[in-house]
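Following: one structure in structure tokens, then a few remarks.
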Amino acid sequence: MPELPEVETIVKGLRGKVLGRIIKEVQVLEPKMVINSDPFRNKLKDRAIRRVERQGKAIIMQTGQKAYLMVNLGMTGRLIFYPDTAPVDKHTHVLFSFSQGGQLIYHDQRQFGRLQLYEGIEPEQIPFVMGLGPDPLDAGFTWQRLAHLLSKSRRAIKDFLLDQKRIAGIGNIYASEILFHAGIKPLRSANQLRMEEIKRLRQAMQGVLRAAIEHRGTSFSDYLDVEGKEGNYKHFLKVYLREGEACSHCTTRIVRTKLANRSTYYCPTCQK
DNA sequence: TCGTAGACTTGCAGGT
DNA sequence: CGCGTGCAAGTCTACG
């Protein structure tokens with residue numbers, strides 16, 4: 001759920017809701033969701049949210065000179081802002097209250113997400129960020145750059161797309177969608193794609209991700225944006241969750257297989 | 001040829 | 001039952 005488009009939507013939403021607000025109090029209701037939760041609470045108190053950025057699927061909020069709060073949403077993490085008092089249930093793990101009013105909650109049913117405060121370093125020096133590959137929406141992400149990355153891997157292209165060290169931000173939904181739009185079978189070896197296919201792949205990455213951002217991400221189960229609203233890209237999914245349905249292009253039934261223990265959807269006719 | 005860095009694989013974390 | 005993520009731990013492989 002929270003892949004690049006969902007995280008980008010959340011980041012934009014946070015900028016509108018909490019940028020410039022001062023944290024009055026941090027309540028950590030589930031300590032294991034926060035790395036070093038005691039200093040986390042104390043050091044964030046009275047700090048302003050200065051900037052909100054995305055690095056791959058991570059959210060990074062600047063809270064001071066060389067002070068950054070990183071939020072990884074995992075599978076079911078949500079950041080939701082309430083102008084008044086936030087509702088708290090058993091999956092609400094962190095609660096930020098602001099001096100200007102309003103509360104931001106971190107809510108995570110499956111608890112795969114994490115929050116961590118980094119001090120004394122810049123965002124590029126955060127270990128998670130250092131391990132990330134290039135962002136597919138960056139201007140510098142040319143097909144030549146993609147070709148170079150692909151040439152170093154013999155893995156299935158679907159696995160390659162999921163590897164955050166190679167390209168940052170693509171997850172299981174968009175990997176399948178991108179490969180459908182590029183007309184490439186998920187099991188093809190990364191280093192055996194032809195130049196035309198690499199160009200189509202890059203086009204598909206940017207096209208699918210941009211369209212998904214435009215529609216505020218994909219909601220089918222847990223994902224909600226900062227205002228608690230669903231994303232609408234689910235209406236545009238061509239293969240994901242569509243096993244057995246007719247391909248919109250050729251009417252062949254969409255197939256589901258497992259790659260690296262993850263469901264992978266594709267059209268056996270349109271994707272070569 | 002060997003040692004090692006990097007590539008790759010698998011399973012697990014929690015809840016419903 | 002399946003499951004959007006990321007990591008650790010283990011094995012494999014390519015290269016200097």
Side-chain angles (χ1 to χ4, degrees), chain A residues 1-10 29-35 54-60 70-79 89-94 106-116 126-133 148-180 186-192 208-209 212-213 215-225 230-234 236-244 254-265:
Chain A
M1 161 200 58
E3 303 181 28
L4 188 155
E6 290 75 31
V7 175
E8 183 69 24
T9 302
I10 290 169
L29 288 72
E30 177 49 77
K32 71 179 167 193
M33 299 306 301
V34 179
I35 311 291
R54 176 183 64 75
Q55 294 286 346
K57 304 177 198 173
I59 297 162
I60 299 186
M70 179 168 77
V71 182
N72 287 80
L73 297 167
M75 297 270 260
T76 56
R78 298 171 177 169
L79 283 169
D89 66 23
K90 62 175 174 175
H91 302 303
T92 307
H93 305 309
V94 184
Y106 180 73
H107 183 283
D108 191 346
Q109 184 176 97
R110 292 177 69 186
Q111 301 180 199
F112 287 0
R114 284 296 177 272
L115 287 77
Q116 183 163 11
I126 295 173
F128 177 82
V129 176
M130 284 198 296
L132 293 175
H148 179 69
L149 290 167
L150 289 165
S151 71
K152 292 185 292 186
S153 174
R154 308 188 308 185
R155 299 163 75 182
I157 183 61
K158 163 77 173 353
D159 289 347
F160 176 94
L161 292 177
L162 288 178
D163 186 346
Q164 304 301 298
K165 293 185 186 67
R166 301 182 189 275
I167 297 171
I170 297 169
N172 208 36
I173 300 173
Y174 297 107
S176 284
E177 291 298 309
I178 286 165
L179 289 171
F180 173 80
L187 313 87
R188 294 276 303 282
S189 281
N191 66 353
Q192 282 173 5
V208 167
L209 295 172
I213 290 170
H215 293 283
R216 312 180 57 78
T218 302
S219 297
F220 54 84
S221 172
D222 292 282
Y223 167 69
L224 297 175
D225 69 13
E230 294 190 351
N232 298 313
Y233 194 73
K234 63 169 174 279
F236 300 87
L237 296 175
K238 298 290 190 185
V239 290
Y240 192 77
L241 292 182
R242 292 186 167 277
E243 180 184 19
I254 301 301
V255 168
R256 174 166 72 112
T257 57
K258 283 252 178 191
L259 244 55
N261 266 330
R262 266 151 207 185
S263 283
T264 302
Y265 301 83

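Sequence lines set the chain letters: A, B, ... in the order given, protein chains first and strands last, and positions in each chain run from 1. Because the structure is predicted, anything quoted here is derived from the model rather than measured.
- Side-chain atoms of A:Thr76 stay outside donor-acceptor range of the base of C:dG4, with no qualifying N/O pair under 3.5 Å.
- If you check the side chains of A:Asn191 and A:Ser153, you find no donor sitting under 3.5 Å from an acceptor.
- One atom, CD of A:Glu3, and another, C1' of C:dG4, lie 6 Å apart when rounded to the nearest Å.
- A:Arg256 places its CZ atom 14 Å from the P atom of C:dC1, with the value rounded to the nearest Å.
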Per-nt protein contacts along nucleotides 8-16 of chain B (heavy atom under 4.0 Å; B base, S backbone sugar-phosphate only, - none) come out as SS-S-BBBS
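- Rounded to an integer number of Å, the gap from CD of A:Gln164 to P of C:dT5 is 7 Å.
- Here C:dG6 presents its C1' atom at 7 Å from CZ of A:Phe128, a figure rounded to the nearest Å.
- When the side-chain nitrogen and oxygen atoms of A:Tyr240 are compared with OP1 and OP2 of C:dG4, one or more of them lie within a distance under 4.0 Å.
- Listed by chain and number, the residues in a side chain to side chain contact (heavy atoms under 4.5 Å, CB included) with A:Arg114 are A:Met33, A:Ile35 (sequence neighbours excluded).
- When the salt bridge (Lys or Arg N to Asp or Glu O under 4.0 Å) test is applied to A:Glu30, no partner is found at least two apart in sequence or on another chain.
- Between the CG atom of A:Leu132 and the P atom of C:dG6 there is a distance of 8 Å, given to the nearest Å.
- Following rounding to the nearest Å, A:Leu73 (CG) and C:dC3 (C1') show an atom-to-atom distance of 16 Å.
- Looking at the side chain of A:Tyr265, the nearest of the listed nucleotides C:dG4, C:dC3, C:dC7 is C:dC3.
- With sequence neighbours excluded, the residues forming a salt bridge (Lys or Arg N to Asp or Glu O under 4.0 Å) with A:Lys234 are A:Glu230, listed by chain and number.
- With the end axes of the helix from B:dC2-C:dG16 to B:dA13-C:dT5 each set by five pairs, the angle from one to the other reads 20° at 10° resolution.
- Rounded to whole Å, the distance from CG on A:Leu161 to P on C:dG6 is 14 Å.
- Within the structure, salt bridge (charged side-chain N to carboxylate O under 4.0 Å, His left out) contacts touching residues 156-172 of chain A (residues at least two apart or in different chains) are A:Arg155-A:Asp163, A:Asp163-A:Arg166.
- Considering only residues two or more places apart in sequence or on other chains, A:Val255 meets the side chain to side chain contact (heavy atoms under 4.5 Å, CB included) condition with A:Thr257, A:Tyr266, A:Pro268.
- Of all nucleotides present, none satisfies the Watson-Crick or G-U wobble test against C:dC1 with each distance under 3.5 Å.
- Only one option out of A:Arg54, A:Lys57, A:Arg216 pairs with A:Glu8 in a salt bridge (charged side-chain N to carboxylate O under 4.0 Å, His left out); it is A:Arg54.
- For A:Asn72, the side chain to side chain contact (heavy atoms under 4.5 Å, CB included) criterion is met by A:Ala58, A:Met70, A:Phe128, not counting sequence neighbours.
- The CD1-P distance, from A:Ile126 to C:dG6, rounds to 14 Å in whole Å.
- For A:Ser263, the side chain to side chain contact (heavy atoms under 4.5 Å, CB included) partners at least two apart in sequence or on another chain are A:Arg256, A:Lys258, A:Tyr265.
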